[in-house]
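What follows is a set of notes on a single structure, which appears directly below.
First the proteins, then the strands, lettered A, B, ... as listed; each starts at 1.
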There are 2 protein chains.
Amino acid sequence: MPEPLSLIDQAERQCLARGVRFTPIRRRVLEMIATSHGALKAYDLLDQLAKEHGAARPPTIYRALDFLLEQGLVHRIESLNAYLACHCPEHQHGFQLLICRGCGRVEEMHDDDLGTRLVASADRHGFSIERQTIELEGRCQDCTSQAAAMAENAQ
Amino acid sequence: MPEPLSLIDQAERQCLARGVRFTPIRRRVLEMIATSHGALKAYDLLDQLAKEHGAARPPTIYRALDFLLEQGLVHRIESLNAYLACHCPEHQHGFQLLICRGCGRVEEMHDDDLGTRLVASADRHGFSIERQTIELEGRCQDCTSQAAAMAENAQ
DNA sequence: AAATAATATGATATAACATAACAATAATGA
DNA sequence: TCATTATTGTTATGTTATATCATATTATTT
């Protein structure tokens, strides 16, 4: 599983370049989020972290999350109160999250055209947009196939 | 202010047609949300309701909200943990919320083409979408003008 | 109308999510 | 080194939401 490592390396380089500190706690929290299959909740992160670091308390996690969010290294999923590592933090503009109801997998999509259209559409309503939250909930391919197979067997 | 009244009448007719009960608590909660300028938080609703109805407790509000959400009469704003009356509950498909950072106003937008494109885009990623959460945060026309005017005066 | 079933509300407790405030420590810069 | 700033520790509390079981209301059946 080399990808999470490279994600951490990338984060480290980015923090260095920006002159912000990628402390052990921040690194560890990002690692936890990155190696998780789906999104993680703040208190699940806290439980995990507390095993290695007895002093961990809610502010410990929320501070680390705030930092990682500011740096664009993680995203918050508003509809789940959960957090997801960003695999392309250099990507500056809006993104869309695809959330699977079946397996909990969350994928980050970058349809820039869509983001542009949203902003244009909002502009026609007199709104100038500074932040987009786009969360699409449904089923991923695997879970759709699986549901279809089960329906098949039930016949 | 005739609009909130007609919204309530519309809700009443819709519930009657669907064979679900538009009880006094549900009606009152919808009225409160509808007459508010922006979005309302659950505990603000609770405080208001408790003044008229001493027995009101968190479950009272959350049950009413769950009902109204199910019936499509209100929307939940995930990024604010707040609730907004829907002025066109007959409208079945997706919607987009425009949230003003300045005055807190929230507007419901219906760019159906956009919703369709999102679904198509997600489909290309293997996801079949069942629910869309689209929240765009920025400034409404009034608040943009106001900010511009203030910058002008500051010169 | 009475009995039954289904739905809604009352009431208490607690779970889940998040921040305030201040003290202590560690890193950075003059 | 000393002062400054940033980070973390620590305690407490604020905010948002649900579980559970009792009671009451409404609808349905007889």
Side-chain angles (χ1 to χ4, degrees), chain A residues 11-12 15-30 32-33 36 38-71 73-84 104 133 135, chain B residues 11-12 15-30 32-33 36 38-71 73-84 104 133 135:
Chain A
E12 178 144 44
C15 289
L16 196 61
R18 293 184 184 172
V20 297
R21 284 159 59 189
F22 196 50
T23 64
I25 291 180
R26 292 167 177 176
R27 169 192 294 266
R28 192 70 194 96
V29 170
L30 181 57
M32 287 174 177
I33 302 178
S36 149
L40 278 178
K41 303 234 164 195
Y43 275 70
D44 293 338
L45 284 165
L46 177 55
D47 291 346
Q48 263 192 259
L49 187 64
K51 284 179 193 160
E52 314 167 357
H53 183 78
R57 296 285 179 278
T60 314
I61 285 294
Y62 283 105
R63 284 166 181 161
L65 287 172
D66 285 347
F67 172 84
L68 297 170
L69 288 165
E70 267 169 27
Q71 300 301 321
L73 296 168
V74 316
H75 299 311
R76 180 179 152 79
I77 308 174
E78 299 290 348
S79 59
L80 301 177
N81 295 338
Y83 303 85
L84 177 75
T133 301
E135 300 177 4
Chain B
E12 176 144 46
C15 289
L16 197 62
R18 293 183 183 173
V20 296
R21 285 159 58 190
F22 195 52
T23 65
I25 291 179
R26 292 167 177 177
R27 168 192 295 267
R28 193 70 193 95
V29 171
L30 181 57
M32 287 174 177
I33 302 178
S36 149
L40 279 177
K41 302 234 163 196
Y43 277 73
D44 293 337
L45 284 165
L46 176 55
D47 290 344
Q48 262 191 260
L49 186 64
K51 284 179 192 160
E52 315 169 355
H53 183 77
R57 297 284 179 279
T60 314
I61 286 294
Y62 283 104
R63 284 165 180 159
L65 286 172
D66 284 347
F67 172 86
L68 297 170
L69 287 165
E70 268 170 27
Q71 299 303 319
L73 297 168
V74 317
H75 299 310
R76 180 179 152 77
I77 308 174
E78 299 291 347
S79 58
L80 301 178
N81 295 337
Y83 303 85
L84 176 77
T133 300
E135 300 177 3

- Could you please spell out the steps behind the side-chain hydrogen bond (donor to acceptor under 3.5 Å, both in side chains) verdict for B:Glu78 and B:Thr133? CA-CA 8 Å; B:Glu78 299 291 347; B:Thr133 300; 5.1 Å; no
Next on the checklist: When you compare the ring of A:Tyr43 with the six-membered ring of C:dC17's base, are the centres less than 5.5 Å apart and the planes under 30° from each other?
Outcome noted: yes
A:Tyr62 atom OH is separated from C:dA18 atom P, nearest whole Å, by 4 Å
From CG of A:Leu45 across to P of C:dA16 the rounded distance in Å is 15 Å
From CG of B:Leu46 across to P of D:dG14 the rounded distance in Å is 16 Å
- Would you say A:Phe67 and A:Val20 make side-chain contact, with heavy atoms under 4.5 Å? yes
Query raised in the report: Is there a side-chain polar atom (N or O) of A:Lys41 under 4.0 Å from OP1 or OP2 of C:dA16?
Result: no
A:His53 NE2 to D:dG9 C1', in whole Å, measures 8 Å
Would you say A:Arg18's side chain and A:Gln71's backbone share a donor-acceptor pair under 3.5 angstrom? yes
| N/O donor-acceptor pair under 3.5 Å between B:Arg26 side chain and B:Arg21 backbone | yes
Identify the pairs formed between an N or O of the protein and an N or O of nucleotides 20-29 of chain D at a distance under 3.5 Å, and give each distance.
residue	atom	partner	partner atom	Å
D:dT20	O4	B:Arg63	NH2	3.3

Numerically ordered, the residues 76-83 of chain A set in heavy-atom contact under 4.0 Å with DNA chain C is A:Arg76, A:Asn81, A:Tyr83
Per atom distances to the A:Thr23 side chain, the nearest of D:dT8, D:dG9, C:dA18 is D:dT8
Taking for B:Pro58 and for B:Pro24 the nucleotide of DNA chain C with the nearest heavy atom, the one nearer the 5' end belongs to B:Pro24
Per atom distances to the A:Arg26 side chain, the nearest of D:dT8, C:dT9, D:dG9 is D:dT8
